[in-house]
2 protein chains.
Amino acid sequence: MRIGKLAERAGVSVRALRYYEEQRLVIADRSPSGHRQYPESAVERVKFIQLLYSAGLSSKAILHVLPFLDTLTATPQMTQRLKDQRDRIRTQIDDLTRAHDRLNDLISLASESEISPATCSASRG
Amino acid sequence: MRIGKLAERAGVSVRALRYYEEQRLVIADRSPSGHRQYPESAVERVKFIQLLYSAGLSSKAILHVLPFLDTLTATPQMTQRLKDQRDRIRTQIDDLTRAHDRLNDLISLASESEISPATCSASRG
DNA sequence: CTTGATCCTCACGCTGGCGTGAGGTTTTAG
DNA sequence: CTAAAACCTCACGCCAGCGTGAGGATCAAG
């Protein structure tokens, strides 16, 4: 499959795919004319990469995690890196949850302050 | 209180505080000589700003949310913005959770692949 | 009065994940 | 055969949240 199709199917831009290759996250065969050729499996791979990016991993961190996908065997070091990232994400989730709750508190206050005194008793029963 | 003390107490850099002022997130009085003067309340305000930054809000988004802290009254538009941000955070939490779970799956696989065949039956009962 | 800590205002640098041409080749549809 | 679409390689641009001097004023203590 060529780069345009992969981009479409994985939901990323062509530019992004070239960038991933630059970061060595994805390896592509080349046709005699130099066009990139991807296997079917690249779709899932790119989607996984996107998942990790959206979770805040850097290209470098992803690069350290990906080899496991290929070989399905991990060195203790790789396992540790996976755990480190997982823990970092958990921490981030906790931070976000705190912010989420704080915002929710504010929303409650805001909703009340919005309501005119006359309708207040009606809406709060 | 002056900027150094506020930075220390709020757990941010002096540079960051100047940046927040540039973004109009924090307003500071000035001494005759031009030094910034902050009230006690600035500590909590800055901590709250940090919370929102860590939740991925931009300066602009924070700027739209903060007036509520000062007035304790919200326009419907402000309430809506609060809700939008809360929803965005929730979405982000979901993304992170998915990544977290995927990584956990990988960690399970990795832990297995790490174990030598001889010890495998022992560790898996 | 002096010294060192703290403060001030520019203003450039950095990082990451791409966007976006420029200028040229290749593939594909008709 | 031709035109459009898709591809290629540079390579600069962007944004955000600061870090990090440069060069100078101000403050607190002895």
Exercise for the section: Scan A:Ile49 against the nucleic acid and name what it touches under 4.0 Å (heavy atoms): base, sugar-phosphate only, or nothing. Expected result: nothing
Exercise for the section: Ignoring backbone atoms, test whether A:Ser33 places a side-chain nitrogen or oxygen under 4.0 Å from the OP1 or OP2 oxygen of D:dC7. Expected result: no
Handout entry: Distance test, side-chain N/O of B:Tyr19 to OP1/OP2 of D:dC18, below 4.0 Å
Key = no
Fill in the blank from the handout: Between CG of A:Leu52 and C1' of C:dG17 the distance, given in whole Å, is 15 Å
Problem - Below 4.0 Å: OP1/OP2 of C:dT27 and any side-chain N or O of A:Arg36 - result: no
Handout entry: Euclidean distance, atom CD1 of residue A:Ile3 to atom C1' of D:dA5 [Å, nearest integer]
Key = 15 Å
Practice task
Tell me whether the OP1 or OP2 atom of C:dG16 has a side-chain N or O from A:Ser59 closer than 4.0 Å.
Solution key: no
Problem - Protein-nucleotide distance (A:Tyr53, atom OH; C:dT15, atom C1'), rounded to Å - result: 13 Å
Practice task
Classify the side chain of B:Arg15 versus the base of D:dT20 as yes if they form a donor-acceptor pair under 3.5 Å and no if they do not.
Solution key: yes
Practice task
Could you point out which residue of B:Asp95, B:Asp94, B:Asp101 forms a salt bridge (Lys or Arg N to Asp or Glu O under 4.0 Å) with B:Arg98?
Solution key: B:Asp95
Exercise for the section: Just call it for B:Leu17: base, sugar-phosphate, or nothing, with non-hydrogen atoms closer than 4.0 Å on any strand. Expected result: nothing
Handout entry: Between C:dC18 (P) and A:Glu22 (CD): distance, integer Å
Key = 12 Å
Completion exercise
Here the distance between atom C1' of C:dT15 and atom NZ of A:Lys60, to the nearest Å, is 12 Å
Exercise for the section: Look at the side-chain N and O atoms of B:Arg30 and state whether any lies under 4.0 Å from the OP1 or OP2 oxygen of C:dT9. Expected result: yes
Problem - Which nucleotide in D:dG19, D:dC27, D:dA6 has an atom nearest any side-chain atom of B:Ser31 - result: D:dC27
Handout entry: Listed nucleotide nearest any side-chain atom of A:Arg18, set D:dC8, C:dC7, D:dC18
Key = D:dC8
Problem - Closest listed nucleotide, where the reference is the side chain of B:Ser58 and the choices are D:dG17, D:dC8, C:dC18 - result: D:dG17
Handout entry: Phosphate-side-chain proximity, B:Tyr20 and D:dG17, N/O vs OP1/OP2 below 4.0 Å
Key = no
Handout entry: Salt-bridge present (B:Arg9, B:Glu44; N to O < 4.0 Å)
Key = no
Exercise for the section: Measure from CD on A:Glu21 to P on C:dG17 and round the result to the nearest Å. Expected result: 17 Å
Fill in the blank from the handout: The nucleotide from D:dC8, C:dG17, C:dC8 with an atom nearest the side chain of B:His35 is C:dC8
Problem - Check: A:Arg45 side chain, A:Leu25 main-chain N or O, donor-acceptor pair, under 3.5 Å - result: yes
Fill in the blank from the handout: Against the side chain of B:Ser13, the closest entry in D:dC7, D:dG19, C:dC8 is D:dG19
